[in-house]
Amino acid sequence: MAEEQQTGFVGIGNMGAPMVRNLAKANIPVLAYDLNATALESVTTESNLVAAASGLADVGAKCTTVITMLPTGANVRDAVLGENGIASGMKEGGIILDMSSSEPTGTVELARELEASGLHLVDAPVSGGVPGAEKATLALMTGGDDEIVARVEKVLDAMGNIFRTGPVGSGHAAKALNNFLSAASLTATSEALLVAQKFGLDGAKMADIWNASTGRSNATENKLHQHILNRKFAAGFTLKLLNKDVGIARSLAESLDVRADYLDRVSGLLGEALEELGDEADHTALFKHLEKLAGEGRGT
Ligand code: NAD
């Protein structure tokens with residue numbers, strides 16, 4: 001396979017690892033990179049997957065498209081524009097495909113700066129979690145110019161289903177708002193469970209009832225039995241990242257001067273929970289924070 005047809009993938013974490021495996025399975029040769037050597041080695045034993053020998057500039061120089069799957073938009077900006085970053089080695093016409101859940105105004109700014117060097121940016125953040133990444137059924141909220149998006153379609157198809165959202169940055173806005181919805185249903189589900197249990201209702205039975213009722217959501221279907229009732233709290237998505245996403249949704253509402261009380265409240269609760277539970281906590285551990293608040297009573 002010619003070098004110029006290689007796809008770069010930077011960020012082999014909880015999501016990046018299964019996503020990059022699906023590219024390899026679809027016969028798309030990948031040059032992979034992660035700051036963490038162990039994370040990188042976990043995927044490069046597979047065929048079609050090669051570890052970049054000398055970092056980000058190397059990935060940029062050898063690939064026409066480079067996917068970033070990093071924690072934040074600030075991390076993406078550093079990886080792309082920093083010293084010896086991806087852009088420093090990339091040939092004109094190259095595409096950065098940012099699949100991280102980044103902040104949309106930062107994405108628009110990054111696209112403008114890349115444009116000046118003849119490079120393009122497409123944002124395609126994902127939803128579906130680790131199971132969706134493993135099954136290649138992720139929802140891909142894709143922002144960018146039609147002609148540029150068309151050039152990364154094959155790569156996106158190997159990881160999930162494309163939903164065009166509009167110009168660059170629009171995918172990141174759609175994603176942040178999705179995660180507000182997800183956090184809101186996790187919060188509501190947790191509180192409903194805490195009240196139910198205090199009343200003497202059985203939690204597992206309530207989960208089954210809600211899953212067959214109008215209170216059903218991703219939180220009731222995929223989190224109650226699997227991570228909350230059994231107190232595993234290990235869905236593979238950190239509270240820190242969810243807090244970041246809902247913070248992005250909140251900033252978006254603020255910048256557009258949209259009053260959104262519930263969004264503000266959910267964002268506030270996530271921030272408090274993060275402070276209490278720490279950076280390593282899984283997002284489903286939000287339940288533990290709400291459980292503590294519930295135990296304090298209403299103070300009336
Ligand atoms: P993660 O922390 O598990 O993985 C991030 C990886 O990036 C790590 O392996 C880290 O070593 C690497 N990294 C960080 N900075 C780097 C740099 N400068 N160069 C190279 N590698 C670097 O995170 P994740 O859970 O895989 O999430 C990645 C993105 O996807 C985030 O934006 C997150 O919000 C989003 N997301 C996560 C989930 C989920 O369920 N985990 C679902 C949808 C979207």
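Counting starts at 1 for both ligands and their atoms, following the listed order. Here the structure is a predicted model, which means the values were calculated and not measured. The first residue in the sequence is number 1, and the count goes up from there.
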Check: Heavy-atom distance under 4.5 Å between the side chains of Leu138 and Met99, does that happen here?
Finding: no
Next item on the list: Determine, using heavy atoms of Val10 and all atoms of ligand 1, whether some pair is separated by less than 4.0 Å.
Entry: yes
Margin query: Are Arg151 and Thr64 packed together at the side-chain level, in the sense that at least one heavy-atom pair is separated by less than 4.5 angstrom?
Written below: no
Margin query: Met99 versus ligand 1: do any nitrogen or oxygen atoms come within less than 3.5 Å of each other?
Written below: no
Item checked: Distance-only N or O hit between ligand 1 and Thr72, under 3.5 Å -> no
Next item on the list: Among all protein heavy atoms, pick out the one at the shortest distance from atom 26 (O) of ligand 1; state its residue, atom name and that distance to 0.1 Å.
Entry: Met15 N, 2.9 Å
Notebook entry, point to check: Taking C-beta and beyond as the side chain, do Thr165 and His172 meet within less than 4.5 Å on heavy atoms?
Noted result: no
Checklist line | Heavy atom of Ile12, distance to ligand 1 below 4.0 Å | finding: yes
Check: Would you call Lys232 and Asp282 a salt bridge, taking side-chain N to carboxylate O under 4.0 Å as the test?
Finding: no
Checklist line | Heteroatom proximity flag, Leu241 to ligand 1, N/O under 3.5 Å | finding: no
Check: So how far is it from Gln6 CD to Ile28 CD1, rounded to the nearest 0.5 Å?
Finding: 12.0 Å
Checklist line | Protein heavy-atom partner closest to atom 40 (O) of ligand 1 - residue, atom, separation in Å | finding: Phe237 CB, 3.3 Å
Checklist line | Phe233 and Phe287 aromatic ring geometry - parallel, tilted or perpendicular at 30°/60° bounds | finding: parallel
Next item on the list: Could you tell me the residue and atom name of the protein heavy atom closest to atom 28 (C) of ligand 1, and the distance to it rounded to 0.1 Å?
Entry: Leu70 O, 3.8 Å
Checklist line | Residues Asp58, Lys62: salt bridge by 4.0 Å N-O rule | finding: yes
Check: Looking at Val126, which atoms of ligand 1 are within less than 4.0 Å of one of its heavy atoms?
Finding: 43 (C), 44 (C)
Notebook entry, point to check: What is the nearest protein non-hydrogen atom to atom 10 (C) of ligand 1, stated with its residue, atom name and distance?
Noted result: Asp34 OD1, 3.5 Å
Note to self: Test your reading of the structure: does Asn14 have an N or O sitting under 3.5 Å from an N or O of ligand 1?
What the structure shows: yes
Note to self: Would you say that His225 contacts Asp208 through its side chain, given a criterion of any heavy-atom pair below 4.5 Å between the two side chains?
What the structure shows: yes
Checklist line | Identity and separation of the nearest protein heavy atom to atom 20 (C) of ligand 1 | finding: Leu35 N, 3.4 Å
Note to self: Under 4.0 Å from a heavy atom of Asn36: which atoms of ligand 1 are those, numbered in the order shown and with their elements?
What the structure shows: 11 (O)
Next item on the list: Find out whether Ile67 and Leu23 are in side-chain contact, i.e. whether some heavy atom of one side chain is under 4.5 Å from a heavy atom of the other.
Entry: yes
Margin query: For Asp264 and Ser267, which I'm curious about, is there any donor-acceptor pair between the side chains at under 3.5 Å?
Written below: no
Next item on the list: Please identify which atoms of ligand 1 are closer than 4.0 Å to at least one heavy atom of Ser100.
Entry: 32 (O)
Check: Quick one: do Phe237 and Leu270 end up in the same hydrophobic cluster if we chain Ile, Leu, Val, Met, Phe, Trp and Tyr together by side-chain heavy atoms under 4.5 Å apart?
Finding: yes
Note to self: Looking only at protein heavy atoms, which one is nearest to atom 34 (O) of ligand 1, and what is the separation?
What the structure shows: Lys244 NZ, 2.9 Å
Next item on the list: For the pair Glu291 and Arg231, find out whether any cationic side-chain nitrogen is under 4.0 Å from an anionic carboxylate oxygen.
Entry: yes
Check: In the protein, which heavy atom is nearest to atom 41 (N) of ligand 1, and how far is it?
Finding: Gly236 O, 2.9 Å
Note to self: With heavy-atom distances below 4.5 Å as the criterion, would you say the side chains of His283 and Lys223 are in contact?
What the structure shows: yes
Note to self: If the cut-off is 4.0 Å to any non-hydrogen atom of Gly129, which atoms of ligand 1 fall inside it?
What the structure shows: 40 (O)
Check: For Pro71, is at least one N or O under 3.5 Å away from an N or O on ligand 1?
Finding: yes
Next item on the list: Identify, for atom 36 (N) of ligand 1, the protein heavy atom at the shortest distance, and state residue, atom and that distance.
Entry: Ser101 OG, 4.0 Å
Note to self: So is Ser127 touching ligand 1 or not, going by heavy atoms under 4.0 Å?
What the structure shows: no
Next item on the list: Just jot down the ligand 1 atoms closer than 4.0 angstrom to any heavy atom of Gly11, in number order.
Entry: 7 (O)
